[in-house]
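Worksheet: the structure to be examined is printed underneath.
Chain letters run A, B, ... following the sequence lines, proteins first and then strands; every chain starts at 1.
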Number of protein chains: 2
Amino acid sequence: MDTSAAPTPSPYREGLPPQPPGPPEGEQHFTASETIRDLVIGMADGLTVPFALAAGLSGAVAANPLIVTAGLAEISAGCVAMGLGGYLAARTDAQHYVAERAREDQETQDYPDREKWEVSAILHRYGLRGETLSRATEAIAADRRRWVDFMMRFELELTEPAPDRAAKSAATIGGAYAVGGMIPLTPYILMAETGPALVVSATLTGLALFGFGWLKARATGLPALRGAGQTLAIGGLAAAVAYVVAKLVGG
Amino acid sequence: MDTSAAPTPSPYREGLPPQPPGPPEGEQHFTASETIRDLVIGMADGLTVPFALAAGLSGAVAANPLIVTAGLAEISAGCVAMGLGGYLAARTDAQHYVAERAREDQETQDYPDREKWEVSAILHRYGLRGETLSRATEAIAADRRRWVDFMMRFELELTEPAPDRAAKSAATIGGAYAVGGMIPLTPYILMAETGPALVVSATLTGLALFGFGWLKARATGLPALRGAGQTLAIGGLAAAVAYVVAKLVGG
């Protein structure tokens, strides 16, 4: 849509100008990767629920083999359910993206004026007006792939999922749940009496929750000590509730 | 940056033109709301893990009161852990948004040229060139709030979370987990023998998983029967694994 054929001194003429200098250490933004998110999901529940279940049963049932059986059954169930759940969720996201993209593509063919208007409406919100708005809209709509790209990201707020995301997500969540769950359960496997096993389990799990909360807070750029305290508090509260419930029902 | 003072016939001159007609039934896009996502997270795990735990213990321990104690302890632990986990995740998202926004705002003050270049780089990717690119960039950077808005959404891909999101998320996930968990456990509470309770529990949970998977698929616009089958398969597989593990360890 640039109608003037005269040369222009603007560095924007053909493409991007060279990048101006930014902050000396680069831009420091914390956007947790999807793998870290998956690790957090699996590990947080894996540490908390099996610990709380074992602690709850310690109050009601004074037999370690039974607690170990229940704990291992819970860890396997949680590992499979959360891992496959993560797999399906990622697969669903991918299918959803493909379906919505096809729909959006069709709309740019059937209702091009409406879809151009929608591009304009988004750019208008960010301050584009008059000729700049119409030229920017036409530039985006000049290439159908870019046009649909724009609508997917800025109207529907959908980003294309990575192709191997589903399998990686399943393995990360399921693996983190199993590893997290074995920490509170190991004392019950190795020790004969329930009382001491509960004490060791609580200590190990408390340390693990604290350290895990610390790392999680660091990864998202938030205060580390507070993050550690909050993660520890959730685990403790879940265990306390499970303990009281098991004591009331079975004790 | 519109330098020409002459009137222009473009309808984009002052603002948006009227909206052109679109598809007769409106645009049909399926973007699951955050509440539906929370319901799915809580309900899927709530139905699967307590069912699998109870089924697993049915293979190893022939006493319903014990299965009920373990099941209720698991449901309370899972409900608290997932509910509070959801609360903290939503709170962390909100704090993360505020922190990143402050950082981005500071950068537009300290390194305006670099941040303008970043706006250009994003628009360039969608086909804006030459004068249109420089004008659009200046229009966005003319208002700091819009400029930072643009960088938050299109560079960092962060959207501002709703203010009451954390509490709602906690209640939805925790509540869905508790409701989901009581479905497989109720037969063990009401019936005396483990074998028949397992059969009723499996039937009820199977129906619930199938119906829940169906609704979930409908909400995301995917094939409903396939969604129902997949959800059912995850629950069945998790229970089978838990059953085998409990049988091997405790049977």
Original post:
Do you know the tightest heavy-atom contact between A/F154 and B/R153?
Top reply: O-NH2, 3.2 Å

Subject >> When A/G56, A/A44, A/A121 are compared by non-hydrogen pairs under 4.5 Å with chain B, the top option >> reply: A/A121

Subject >> Nearest non-hydrogen partners of A/R91 and B/Q230, listed with the distance >> reply: NH2-NE2, 3.7 Å

Subject >> Least distance between heavy atoms, A/L72 atom then B/V245 atom >> reply: CB-CG1, 3.7 Å

Original post:
What part of A/A70 is in contact with chain B, defined as an atom under 4.5 angstrom from a non-hydrogen atom: side chain, backbone, both or neither?
Top reply: both

Subject >> Minimum-distance pair of heavy atoms, taken over all atoms of B/T69 and A/A60 >> reply: CG2-CB, 3.9 Å

**OP:** Kindly give the heavy-atom pair with the smallest separation between A/V49 and B/E74, and that separation in Å.
**Re:** CG1-OE2, 3.2 Å

Subject >> A/A142 versus chain B, the contacting section by heavy-atom distance below 4.5 Å >> reply: neither

Subject >> Contact class of A/R145 relative to chain B, heavy atoms under 4.5 angstrom >> reply: neither

Subject >> Which of A/I234, A/D113, A/T48 touches chain B most, by non-hydrogen pairs under 4.5 Å >> reply: A/I234

**OP:** Among the options B/K216, B/E157, B/M82, pick out the one with the most heavy-atom pairs lying under 4.5 Å from chain A.
**Re:** B/E157

Subject >> Distance, nearest 0.5 Å, that separates CD1 of A/I75 from CG of B/L53 >> reply: 11.0 Å

**OP:** Among A/I140, A/V244, A/D149, single out the residue with the greatest number of heavy-atom pairs under 4.5 Å to chain B.
**Re:** A/I140

Original post:
For the residue pair B/W117 and A/Q19, what are the closest heavy atoms and their distance?
Top reply: CZ3-NE2, 3.1 Å

**OP:** Sort B/A136 into side chain, backbone, both or neither according to what part of it lies under 4.5 angstrom from a heavy atom of chain A.
**Re:** both

**OP:** Measure A/L66 against the heavy atoms of chain B and call it side chain, backbone, both or neither at under 4.5 Å.
**Re:** side chain

Subject >> Spatial distance of atom CG (A/L123) from atom CG (B/L128) [nearest 0.5 Å] >> reply: 7.5 Å

Original post:
When heavy-atom pairs shorter than 4.5 Å are enumerated against chain A, which of B/L88, B/V68, B/D45 gives the highest number?
Top reply: B/L88

Original post:
Is chain B contacted by the side chain of A/A99, its backbone, both, or neither, given a heavy-atom distance below 4.5 Å?
Top reply: neither

Original post:
Looking at A/A52, A/A77, A/A55, which one has more heavy-atom pairs under 4.5 Å with chain B than the rest?
Top reply: A/A77

